[in-house]
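A short worksheet on the structure shown next.
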There are 2 protein chains.
Amino acid sequence: MARTERPSPASAPSHASTPGRPSIKQIALAAGVSRGTVDRALHDRGDVNPAVAERIRTIATELGYVPHRAAKALRLNHTPQTIAVLLPRTSSDFFLQLEAGAIDAGRQFADMGINAEVTWFDPDDERALIRLIESQLHQRVGGLVVTGPATNRVCAAVRSVVDAGKPVVTTNSDLPGSGRLAFVGQDLVKSGRVAAELMAKMIGGGWTAGRRARGAPPGPRVVVLTGNLRFQAHRDRVDGFAAGMKRWLPAATLEVLEGHDDYEQSLRVLEAVDPRGVVGAYAATGSIRALVEQRRRWASPERIRVVTNDDLPVVRAGLANGEIDFTILQDAPSQGSEPVRIIAEYLLSGTRPASWLRTPVIVAGATLIEG
Amino acid sequence: MARTERPSPASAPSHASTPGRPSIKQIALAAGVSRGTVDRALHDRGDVNPAVAERIRTIATELGYVPHRAAKALRLNHTPQTIAVLLPRTSSDFFLQLEAGAIDAGRQFADMGINAEVTWFDPDDERALIRLIESQLHQRVGGLVVTGPATNRVCAAVRSVVDAGKPVVTTNSDLPGSGRLAFVGQDLVKSGRVAAELMAKMIGGGWTAGRRARGAPPGPRVVVLTGNLRFQAHRDRVDGFAAGMKRWLPAATLEVLEGHDDYEQSLRVLEAVDPRGVVGAYAATGSIRALVEQRRRWASPERIRVVTNDDLPVVRAGLANGEIDFTILQDAPSQGSEPVRIIAEYLLSGTRPASWLRTPVIVAGATLIEG
DNA sequence: TTGAAAGCGCTAACAG
DNA sequence: CTGTTAGCGCTTTCAA
């Protein structure tokens, strides 16, 4: 455990064995009741004298009781539990990577009597999603993992599942006020800051040259493409990027464009940009394809450094041929596996996770493909 | 499992329960023997008719038998196993982060009858290390995690542990030919390539300016500080960096300096460098402090982009004040937790891991501290 | 060489 | 309301 100061060759006897890990049996003994009663008391299964229940709970915490995962798992073999994973069927394959993570984690718990089952829903059909969520109530589902639009009605549906005592974990995007056990996702503000640091350091000394542009703009200009600034999630990345640029290249001017996650619209707003003095472009959200294509049309595009998000085919192509310098990943597989793991742990030992599990901000360059 | 094409609201019956997961009991039934015999046969515990044993093994593979982790864990409570983690006591705190990961993973398996115990050894005393390794034989240790110098004698000592049937996982640096079950560590060549990509893209357009240096050198120059090129591990990063620079900034000239991981010696070789035209410095291994300090003495140091490795106090300071642009991390905590997890899984269900588990190549800038 | 049985910690079904 | 019991899959005695 603690770091031994001497190498201590074999000498240390150190009774490594779990010394006094208390079991339900110990508690029963201490409380002068049977194991069954302890089980009922600790799990609020009713049919137990409140006074006795209280005493049992006290003793349990005093003894530092923690349920034994292995035993519970073994018992669970009687009636296996399913963790339902609900994902939006979008065109990007981000969620396919997420699914792979979820299935993988599910397999890990197969011999613990727990498995994951992925169901896809149409992101444009809120009603169907709500029905789907509510249908998880009347099943032998042990818990729920969900990514969905944070509307009031979706949150309410999730809340009904939570109220039924089932653990729910949101992933990739949160459902605030839904009572979910945890949220697994990236710190988008940080993601934007990291993008800005890369951008600023790439532009760096180079922009002294850029300053000589005969035309107007006073400093280097950076284009930021985003989806819709009314969505908090979209604003977060832009905010982080802006903060980062201010810190790392205060002379720069930002041009924030809303493309509404649509190729045509993104292209339109990009075409309206005066390209003089533009030395960088950041795709926070929205159509990366539009950004890459428009850049080609501007004069001497090789001047313009490009940072994007996620690991899409367009991005890979851009990284390979040098049209994109770096992309920021958010570890899609973990966003699938961690929620499953969290629920499994909760089911097996009642462990409560942190409310927000931050997925790493991963910087990837062309080495992503070539290395 | 597979992605359902329709949202399938609750309708799908899909008997999620582990369908026919065969247990020892099933095998015993099929083979017409008792469960005890099956156990003995499958684990080569002797005292079993070779013909019968063979038949049992056949049936087991035919049925696709996989031992049940939870059951084994429960049984293990009788005689808990210890995973011994042997780490070198160096001045850097890299291994403290690694230790934290190992302890954390150990806790995860506490209720599976498995725990991790870290022991530190003097990296300069090979004899003591060997004694330490060999002392793990005669204990109730279930497996071994070790980081050590890849000398013949250390490898031989590890091999004796392997021959005793105990799983061994090397971490951070490998022990080739030791028969270890797996190695957890970074792809150093890739690490070097990533560093080069960052370096090249930071220098990027800027170096056209650099070209104008009145003096001699024909292109931009980059200094690479390493430890000792006779060590494969030290060479790998440099090779990766060289390959990356060739790919991303072929005009650049590399100056590889051996500092032998020593501050004084690193400083000496750095002082001998002609600073004209130097636009980048990469600390592959060796004294980062020496590199940072020498850079200050060169003319207009802000010209020189700096990439380092690991997360040391000097590095943090450098990132904070802008003297270091990026550092490449190798996820020390995972290098502690993954080996423990691998051995635990092996002990519990006989799962054999990949021979080399690559730790991620993490790019971190000042955002590591500020963000 | 093999079989039978006990028990790890937990929970659900059944008695009291 | 509470106690008893069986059994999840595996290993380890102890008998045969």
Side-chain angles (χ1 to χ4, degrees), chain A residues 17-18 20-29 31-56 60 63-81 109-114 140 142 347-350, chain B residues 17-18 20-29 31-56 60 63-81 109-114 140 142 347-350:
Chain A
S17 75
T18 7
R21 192 170 221 283
S23 71
I24 272 191
K25 211 197 216 166
Q26 326 271 346
I27 299 174
L29 192 72
V33 295
S34 76
R35 317 206 303 271
T37 307
V38 174
D39 180 59
R40 284 185 292 259
L42 292 183
H43 294 86
D44 294 312
R45 286 190 231 280
D47 282 350
V48 51
N49 187 320
V52 178
E54 190 45 39
R55 188 157 50 91
I56 290 176
L63 262 52
Y65 171 74
V66 181
H68 194 111
R69 251 151 83 232
K72 197 152 183 172
L74 194 52
R75 188 76 228 310
L76 256 180
N77 251 22
H78 285 295
T79 40
Q81 305 262 57
F109 287 96
D111 58 2
M112 308 282 252
I114 292 178
R140 9 93 281 172
L347 255 26
L348 292 172
S349 43
Chain B
S17 74
T18 8
R21 191 166 222 283
S23 72
I24 270 191
K25 212 199 220 165
Q26 326 272 345
I27 299 174
L29 192 71
V33 295
S34 75
R35 318 209 300 271
T37 307
V38 174
D39 180 63
R40 286 185 290 258
L42 292 182
H43 294 87
D44 294 311
R45 287 190 229 279
D47 280 350
V48 52
N49 187 320
V52 178
E54 188 47 38
R55 190 157 50 92
I56 290 175
L63 263 50
Y65 170 74
V66 182
H68 193 112
R69 249 151 84 233
K72 198 153 182 172
L74 194 53
R75 188 74 228 313
L76 254 179
N77 250 23
H78 286 292
T79 39
Q81 305 261 55
F109 287 96
D111 58 2
M112 308 283 252
I114 292 179
R140 18 79 292 164
L347 254 27
L348 291 172
S349 43

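Note: hydrogens, waters and symmetry copies are ignored here, and every other heavy atom, side chains too, is used. In what follows, chains are A, B, ... by sequence order, proteins preceding strands, each numbered from 1. Keep in mind that what you see is a predicted model, and the values were worked out from it rather than measured.
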Item checked: Base versus backbone protein contacts along nucleotides 6-16 of chain D [heavy-atom cut-off under 4.0 Å; B, S, -] -> BBBBBBBB---
Note to self: Restricting to side chain to side chain donor-acceptor pair (under 3.5 Å), what partner residues turn up for R40(B), sequence neighbours left out?
What the structure shows: T37(B)
Next item on the list: Output all residues satisfying side chain to side chain donor-acceptor pair (under 3.5 Å) with R75(B), sequence neighbours left out; order by chain, then residue number.
Entry: H78(B)
Item checked: Side-chain N or O of T37(A) closer than 4.0 Å to phosphate OP1/OP2 of dT2(D) -> no
Margin query: Just the rounded figure in Å: distance from C1' of dA15(C) to CG of D47(A).
Written below: 14 Å
Next item on the list: Figure out the CG/C1' separation between L63(A) and dG9(C), and round it to whole Å.
Entry: 15 Å
Next item on the list: Only counting residues at least two apart or in another chain, list the ones meeting side-chain contact (heavy atoms from CB on, under 4.5 Å) with S349(B).
Entry: R69(B), E345(B), T351(B)
Checklist line | Pairing residues for D47(A) by the side-chain contact (heavy atoms from CB on, under 4.5 Å) criterion, not counting sequence neighbours | finding: none
Next item on the list: Could you pull out all residues at least two apart from D44(B) that satisfy salt bridge (charged side-chain N to carboxylate O under 4.0 Å, His left out)?
Entry: R57(B)
Next item on the list: Indicate the atoms forming the closest heavy-atom contact of N77(B) with P80(B), along with that distance.
Entry: O-CD, 4.0 Å
Item checked: Five-pair end axes of the helix from dT1(C)-dA16(D) to dG16(C)-dC1(D) and the angle they enclose, rounded to 10° -> 50°
Checklist line | Heavy-atom side-chain proximity of L347(B) to F109(B) below 4.5 angstrom | finding: no
Notebook entry, point to check: Over how many whole Å does the gap from L42(A) atom CG to dT2(D) atom P extend?
Noted result: 14 Å
Next item on the list: Apply salt bridge (charged side-chain N to carboxylate O under 4.0 Å, His left out) to R55(A) and list each qualifying residue two or more places apart in sequence or on a separate chain.
Entry: none
